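Worth knowing before you read on, the calculation uses all heavy atoms, side chains too, and leaves out hydrogens, waters and symmetry mates. Predicted model only: the values in this text are computed from it and were never measured.
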Amino acid sequence: MFRRLGLGLALVWLVFCLFPLWWVLVTAFKPPAAVSGGATYIPFVDFKPTLQAFKDAFSGVRGDFAGPIFASITISVISTGLAVFLGAMAAYALVRFEFRIRLLAGLAFGVLSIGGFAVLNQGIGLSVPQSLGLVLVIALPTAIWLNGCNLPGPVLGNDDVTFWFISQRMFPPIVSAFALFLLYAEMNKAGVRLLDSFPGLVAAYTAFGLPFAVWLMRDFFANVPVEVEEAAMVDNIGRMRIFFQIVLPMSKPGLIATSMIVLAFIWNEFLFALLLTSSKWQTLPILMAGQNSSRGDEWWAISVAALISIIPMIAVAIFLGRMMRSGFLAGSIK
């Protein structure tokens, strides 16, 4: 009895979850009269389907659809690739090497960075890019040198570094997004165009996805047998070759899964695209938010935009689900 009750509740929840997707799907194929004439649910029974909304979308009647689609695809794919590549290297280092970071050296880096920037920018009058460049040239080597000294105080390890990566996604995104907007604006003044540009969005989204990549890939690399790497080192194979030719191929399922998850986060990101773009490189979430017109909410056009936005993520979810059901992720490394 309880089993049937549970199955019934699960089916009700499934219908509850799938109904919004069905509503978006059928609304995208409805003519305006069918949308404004009341609720209709079944094509060819309640209404006659039409492709007019799709034709209007790609003909430019509702604005530029092709541009945001191209921007979302290229920016998401390249940012995901960079984030996973850099995250994989960082995660491997966190698994195979021991890090010892002295807290005082980190505090010194923060003091030199913030104080040095204030002095150079406000005191001497250098531009923001010049101040940041000089501060990094001074503060980073100084912090590295201090970290090698026998300073008193706590010493942070690999788990602390991992937590620092994850903590980047814990505070409100508007904090980093607004700071990044100010930095990009200053870089534009210096002649380096980052606002509403492809490199600017790729850099922002790579940094956005990097903590997820480090966090996920760390667990996959921890399952790679260290004996395989030790055997390769006995044969005088360098650490870089071990990483690229042995570790990465053995972690291919983890790379695929991490790429799919990071891609989903980047594809759906709204705040950075809202602040860092204006027209040329706007992504699909911005297109979705701007679908209101002077004629009111044209739900058939909004549904087309929503359908275009969610289809790639549905494909990603189905792909990951099949990998998990087949054991491709859990049993990939023996």
Side-chain angles (χ1 to χ4, degrees), residues 17 20-21 24 68-92 94 161-181 183-184 194 196-221 248 251-277 281-290 305-324 328-329:
C17 292
L21 297 178
V24 169
I69 293 173
F70 174 78
S72 285
I73 293 173
T74 55
I75 291 170
S76 298
V77 171
I78 293 178
S79 300
T80 299
L82 289 174
V84 173
F85 176 70
L86 297 175
M89 291 195 291
Y92 179 74
L94 288 170
V161 176
T162 303
F163 177 77
W164 178 82
F165 273 106
I166 302 304
S167 68
Q168 305 307 302
R169 301 267 57 86
M170 292 182 178
F171 57 84
I174 187 62
V175 177
S176 56
F178 186 66
L180 199 59
F181 170 79
L183 174 61
Y184 280 12
L194 292 179
D196 199 22
S197 70
F198 178 76
L201 276 182
V202 167
Y205 282 147
T206 300
F208 175 80
L210 187 60
F212 299 112
V214 173
W215 182 29
L216 295 169
M217 288 306 303
R218 185 171 180 263
D219 291 336
F220 282 102
F221 287 143
L248 286 186
S251 305
K252 184 184 294 184
L255 289 171
I256 295 173
T258 301
S259 298
M260 296 296 99
I261 294 171
V262 173
L263 176 64
F265 278 107
I266 292 177
W267 181 270
N268 295 314
E269 204 286 323
F270 175 78
L271 184 61
F272 284 94
L274 177 65
L275 290 178
L276 302 181
T277 64
W281 287 99
Q282 286 186 341
T283 56
L284 278 172
I286 306 301
L287 175 70
M288 284 285 300
L307 201 59
I308 295 171
S309 299
I310 64 178
I311 283 177
M313 292 304 99
I314 292 176
V316 167
I318 293 173
F319 181 72
L320 283 177
R322 293 186 62 182
M323 289 175 65
M324 292 176 182
F328 188 52
L329 297 183

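Other residues, nucleotides and ligands contribute at most 12 non-hydrogen atoms within 6.0 Å of the CZ atom of F178.
Between the CG atom of L271 and the CG atom of L276 there is a distance of 8.5 Å, given to the nearest 0.5 Å. Taking CD1 from I78 and CD1 from I75, the interatomic distance works out to 8.5 Å, rounded to the nearest 0.5 Å. For the atom pair CG (L183) and CG (L194), the distance works out to 7.5 Å, reported to the nearest 0.5 Å. Atom CD1 of I73 is separated from atom OG1 of T283 by 12.0 Å, given to the nearest 0.5 angstrom.
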Contacts table for residues 80-87: side-chain donor-acceptor under 3.5 angstrom, sequence neighbours left out:
| residue | atom | partner | partner atom | Å |
| --- | --- | --- | --- | --- |
| T80 | OG1 | S76 | O | 2.6 |

Show the atom names and distances, to 0.1 Å, of all donor-acceptor pairs under 3.5 Å that link a side chain in residues 256-265 to residues at least two apart or in another chain.
| residue | atom | partner | partner atom | Å |
| --- | --- | --- | --- | --- |
| T258 | OG1 | G254 | O | 2.8 |
| S259 | OG | L255 | O | 2.7 |

Atom pairs and distances, donor-acceptor, side-chain atoms in residues 211-219, under 3.5 Å, two or more places apart:
| residue | atom | partner | partner atom | Å |
| --- | --- | --- | --- | --- |
| R218 | NE | T162 | OG1 | 3.2 |
| R218 | NH2 | D159 | OD1 | 2.9 |

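Minimum heavy-atom separation, L210 to F165: CD2-CE2, 4.4 Å. In terms of heavy-atom proximity, S197 sits nearest to G200 at OG-N, 3.2 Å. S176 approaches F272 most closely through the heavy-atom pair OG-CZ, 3.8 Å. When all heavy atoms of A204 and Y184 are compared, the closest pair comes out as N-OH, 3.8 Å. When all heavy atoms of W267 and S309 are compared, the pair lying nearest together is NE1-O, 2.9 Å.
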>> Is there a side chain to side chain contact (heavy atoms under 4.5 Å, CB included) between F208 and S79? Walk through the geometry before answering.
In response: CA-CA 9 Å; F208 175 80; S79 300; over 6 Å; no
> Do T277 and L201 pass the side chain to side chain contact (heavy atoms under 4.5 Å, CB included) test, and can you show the C-alpha distance, the side-chain angles, and the key distance before you say yes or no?
Replying inline: CA-CA 8 Å; T277 64; L201 276 182; 3.4 Å; yes
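Under the side chain to side chain contact (heavy atoms under 4.5 Å, CB included) criterion, I314 pairs with I310, I318, sequence neighbours left out. Partners of W281 according to the ring pair (Phe, Tyr, Trp, His ring centres under 6.0 Å) rule, which considers only residues two or more places apart in sequence or in another chain, are F198. A306 pairs by the side chain to side chain contact (heavy atoms under 4.5 Å, CB included) definition with V24, M288, not counting sequence neighbours.
In this structure, the side chains of E269 and I266 stay at 4.5 Å or more apart for every pair of heavy atoms.
No donor-acceptor pair under 3.5 Å is formed between the side chain of Q282 and the backbone N or O of L284.
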